Each structure stands twice: as C-alpha cells, then as structure tokens.
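Heads up, the thing below is written out as structure tokens.
Because the structure is a prediction, the values reported are computed rather than measured.
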Amino acid sequence: MTASESTGRVLVVGASMAGLRAAEQLRAAGWTGAITLVGDEPHMPYNRPPLSKEVLAGTAPFASLAFRPRPAVADATWLLGRRAVTARLPERTVVLDDGTSLSYDGLVVATGMRPRRLTCPGPLPGRHTVRTLDDAQGLREALTRPGARVVVVGAGFIGCEVAATAVALGVREVTVVDPLPLPMTGPLGPLLGRALLRRHEARGVRFALGTGVAGFTGEDRVTGVELSDGRVLAADVVVESVGSVANTEWLDGNGLDLTDGVRTDALLRAGGRPEVVAVGDVARFPNARYDGVPRRVEHWSIPGDTAKQAARTLVAHLHGTGEEPAPFAPLPTFWSDQHDFRLQSFGAPSYGADDVRVLDGTPDGDGDLVVGYHRDGLLVGVVALGGPGAASAAARHRPALLARPAVTA
C-alpha cells in the first residue's frame with residue numbers, strides 16, 4: 001500500500017501537545033486516512049510550561065498559549081471534553097465516557113500525566129496543583145489575594161517555578177517543603193541543588209527541607225501545614241507539586257506493562273502490538289543513545305520527538321512497507337525559568353552519572369554556572385544555570401552529547 005492509498009482511521013487518545021504533534025507527524029509520514037483526536041480538556045492543545053510562570057504572573061493570556069495546528073491536520077476530527085474510559089485492544093476499539101465506541105486501525109496513546117495528590121488528613125479547599133489552564137487560573141486568583149501565605153510542597157521544577165513566580169507577585173510569605181535536603185537534587189544532584197537553594201533564598205523564598213507533610217489544619221479550608229518534624233507552617237494557599245501519575249487506567253486489562261506509564265519498545269510500540277504506539281510523557285521507552293532502560297521523560301521536547309518516531313513506526317505498519325525506522329535515540333533537553341535566571345539542560349544528567357564537575361563558572365555566588373555529567377568517562381549531560389551566556393556555553397557541548405555511540409541493549 002502506498003501513502004496515497006491510506007485507508008481507515010488512526011485514533012489519537014490525548015489532545016494535548018503530544019497528540020497534536022502525533023497527528024501532524026502522521027501526515028508528514030504519509031498517512032492520508034482519517035485522524036480522530038480525543039481529549040478530556042475542552043481546550044485545543046496549548047503550551048503548558050508558561051502555566052507555572054507567565055500565566056500565574058498574569059502576563060500570558062490563553063491566546064498566546066494555544067498551538068496553531070499545521071494545515072495538514074485541518075481535516076482531523078477533534079472530540080474535546082471527552083475522556084477515554086476503556087480500550088479493547090484485541091477488538092481495536094476505545095469507549096468514551098459518554099458511551100461512544102470508536103474503532104481504529106492505528107492507535108496513538110497520548111494521554112499524558114496528572115498531578116499526584118497528597119493523601120494527608122485535612123481540608124481540600126485552598127490546595128492547588130498546576131497542570132491545566134484552569135489549574136493555573138485558579139491558583140493565580142489565590143496568589144493575588146492580599147496577605148496570602150503560600151506553602152509549596154515539592155522542590156522540583158514546578159514547585160521552584162511557582163515559588164519564584166509567587167515572590168515576584170509580592171506574596172507575603174513563600175515556603176517550599178521537601179523531604180530531600182536540597183531543591184531539585186533528584187534530577188540535578190547536590191552541586192546544582194546547593195546553588196539553587198542559595199539563589200532562591202537570596203530572592204526571598206524560604207525552605208523547610210528534609211521533612212514531609214503530615215497533614216493540613218483548618219476547618220472549611222487550609223490554614224496551615226503540619227510537617228512531619230512537628231512544625232506547623234501558616235498557609236492560606238498550598239501548592240502540591242509532588243510528582244505525576246500516568247493516565248493509563250483506560251488501558252487496563254489489555255496485557256500492557258503500565259507500571260509507570262506505557263512501556264514501549266525502541267520503536268515506541270506498546271505491548272508488542274504494531275498498531276499501538278505511545279507518545280509524550282506517558283511513554284516509557286528505552287533510549288538507544290544511552291542504555292536499554294525504559295524511562296518516562298517529562299521534558300518539553302519529548303512530545304515532538306516521540307511523535308515523529310511513533311508516526312513513522314505506525315505508518316510503516318499500516319502501509320505494510322515492511323521497513324522499520326531506526327531505534328529511538330533522542331537527545332533530551334529542558335529549561336526552567338526561575339526568578340531572573342534559567343536552567344538549561346542538554347542530554348541526560350539523571351541517567352546514572354558517576355562524575356559531576358564544573359565546566360564553567362563557580363558554584364558560589366550568583367554568576368553563570370555550567371555543570372557536566374559523565375558516566376563511564378563519557379559526557380551524558382550538561383546543565384547551565386544563569387543567563388543567556390550560560391545557556392550558550394552549555395549548547396556548545398551538544399556535538400559531544402550527540403556523538404555518544406548508540407547502544408542496542
């Protein structure tokens with residue numbers, strides 16, 4: 001079958017950035033048949049990174065976040081405000097929350113993540129997460145109330161970004177709580193964690209590190225946060241940034257490995273089914289650039305990278321060409337804007353680095369800093385902290401990161 005003979009339908013479950021990019025890449029790969037996208041939000045796909053920064057700050061209206069779909073997918077069908085509840089992979093059907101049953105020839109899993117919530121005792125009102133546009137708009141209203149005291153639970157990317165934005169808004173008190181000893185130490189390690197702690201504290205953020213949350217005080221809404229070390233922090237607003245949960249329940253009962261997202265092979269096929277692929281941060285895939293360990297990657301670049309690979313894989317199967325794309329080997333990248341500085345990363349600093357060293361700058365003070373992450377003597381990641389000069393310095397290491405030999409294990 002040739003590209004001009006595409007028949008049938010590809011169903012994309014998930015209508016955020018990953019779903020949109022998958023639809024666009026299906027067309028680029030030669031699929032001319034029908035494409036239907038299902039999404040549980042009422043909005044067309046939009047950019048999520050500004051939610052914890054510009055949207056909270058009130059400087060980014062929704063119109064500036066919305067992606068403009070490419071003309072190639074102008075004929076795609078969008079079913080928004082609808083949620084997939086059951087998949088019957090042997091029958092090639094997906095059932096939606098309104099009872100509609102959709103058949104498909106190819107299925108793209110793009111349902112992403114949702115925020116993990118704390119299960120501590122106490123009231124729910126006053127507790128927020130940041131994942132959707134509605135989340136961010138509700139949190140902004142809370143942060144702009146006079147005299148607000150904010151406790152952010154979780155010192156990862158979102159937690160640190162929200163804390164920085166809250167300080168910029170003039171919030172009276174901003175405290176970040178985390179059981180780890182330093183902010184962002186999981187993905188970045190202690191060297192950059194200590195540098196981030198100093199910079200946040202210098203700009204007015206307080207930290208309660210090495211302790212967790214035991215519960216919340218208050219009757220009708222939160223008035224305080226009880227820590228596991230016995231302290232109680234006054235709080236009018238709590239932001240829970242304690243990780244994510246993969247939206248995979250609708251795939252239960254189909255023999256897939258859903259331990260942490262949807263496990264795929266190196267071509268992004270799920271469960272050995274050539275007609276099912278997964279994209280975005282719900283996909284747990286091996287990266288041939290590093291090792292054979294399947295991992296989920298929650299970086300902005302991953303939806304586009306996985307969409308391109310998955311589309312080629314799926315279209316090759318649907319067209320019956322017998323040709324398989326090369327194994328997936330993306331170079332992960334991310335950035336995080338906090339206060340007046342940016343974190344910029346290339347590669348995989350959290351993939352088992354055994355040697356972390358300063359490549360440029362100094363960890364002390366407020367200047368630019370570039371850190372290299374090595375494993376078995378090879379550079380696997382570079383992270384810059386500071387201004388545009390630091391990001392440019394980190395980018396100069398991309399050729400070395402791209403030159404790393406691929407593995408097939």
Side-chain angles (χ1 to χ4, degrees), residues 49-59 130 139-140 143-144 146-212 225 227 229 231 233-239 241-242 334-345 349 356-373 382-394:
L51 297 181
S52 55
K53 301 177 284 287
E54 292 89 346
V55 173
L56 286 187
T59 60
V130 183
L139 178 56
R140 172 170 167 75
L143 292 179
T144 53
R149 297 163 299 180
V150 178
V151 172
V152 179
V153 184
F157 291 100
I158 299 298
C160 286
E161 289 172 358
V162 169
T165 304
V167 166
L169 285 171
V171 171
R172 183 173 61 168
E173 294 178 9
V174 181
T175 304
V176 178
V177 178
D178 198 286
L180 295 177
L182 293 167
M184 299 182 67
T185 187
L188 301 179
L191 193 158
L192 272 175
R194 285 190 290 270
L196 282 166
L197 177 63
R198 284 193 296 271
R199 296 182 191 220
H200 275 278
E201 288 181 331
R203 290 158 175 80
V205 180
R206 304 175 183 180
F207 285 86
L209 299 171
T211 186
V225 180
L227 303 183
D229 62 9
R231 285 180 290 170
L233 304 176
D236 309 291
V237 180
V238 172
V239 182
S241 180
V242 292
F334 71 78
W335 78 92
S336 176
D337 293 319
Q338 303 172 24
H339 301 290
D340 53 353
F341 56 80
R342 167 174 282 198
L343 277 164
Q344 177 73 62
S345 172
V356 180
R357 67 185 81 151
V358 174
L359 302 179
D360 192 18
T362 174
D364 301 320
D366 219 36
D368 290 347
L369 175 64
V370 182
V371 177
Y373 297 75
V382 177
V383 180
L385 172 61
S392 297

Heavy-atom pair with the smallest gap, counting every atom of [X] and [Y]:
X: G386; Y: R199; value: CA-NH1, 4.3 Å
X: A208; Y: R231; value: CB-NH2, 3.8 Å
X: A148; Y: V171; value: O-CG1, 3.2 Å
X: D236; Y: G147; value: OD2-O, 3.7 Å
X: C160; Y: H200; value: O-CE1, 3.6 Å
X: V358; Y: P363; value: CG2-CG, 3.8 Å

Side chains of [X] and [Y], heavy atoms from C-beta outward: is any pair under 4.5 Å?
X: V153; Y: V238; answer: yes
X: D340; Y: R203; answer: yes
X: F341; Y: L369; answer: no

Quick one: side chains of residues 174-191, donor-acceptor pairs under 3.5 Å with protein atoms, not counting sequence neighbours, listed by atom name and distance.
{"unit_1": "D178", "atom_1": "OD1", "unit_2": "L180", "atom_2": "N", "d": "2.8"}
{"unit_1": "D178", "atom_1": "OD2", "unit_2": "A155", "atom_2": "N", "d": "2.7"}

**Report entry** Verdict with supporting geometry, R206 and L233, side chain to side chain contact (heavy atoms under 4.5 Å, CB included)
**Finding:** CA-CA 11 Å; R206 304 175 183 180; L233 304 176; over 6 Å; no

Requested in this report: Identify whether the distance between the nearest side-chain nitrogen and carboxylate oxygen of R198 and D366 falls below 4.0 Å.
Outcome: no

Nearest 0.5 Å, please: how far is [atom2] in [Y] from [atom1] in [X]?
X: R149; Y: R172; atom1: CZ; atom2: CZ; answer: 5.5 Å
X: H339; Y: K53; atom1: NE2; atom2: NZ; answer: 12.5 Å
X: L139; Y: T144; atom1: CG; atom2: OG1; answer: 9.0 Å

Say whether, by atom type as modelled, one donor and one acceptor occur between the side chain of [X] and the main chain of [Y] under 3.5 angstrom.
X: Q344; Y: L385; result: no
X: D368; Y: G387; result: yes
X: T165; Y: S52; result: yes
X: R140; Y: L56; result: yes
X: D337; Y: R342; result: no

Query raised in the report: Given V130 and V55, is the side chain to side chain contact (heavy atoms under 4.5 Å, CB included) satisfied, shown in steps?
Result: CA-CA 11 Å; V130 183; V55 173; over 6 Å; no

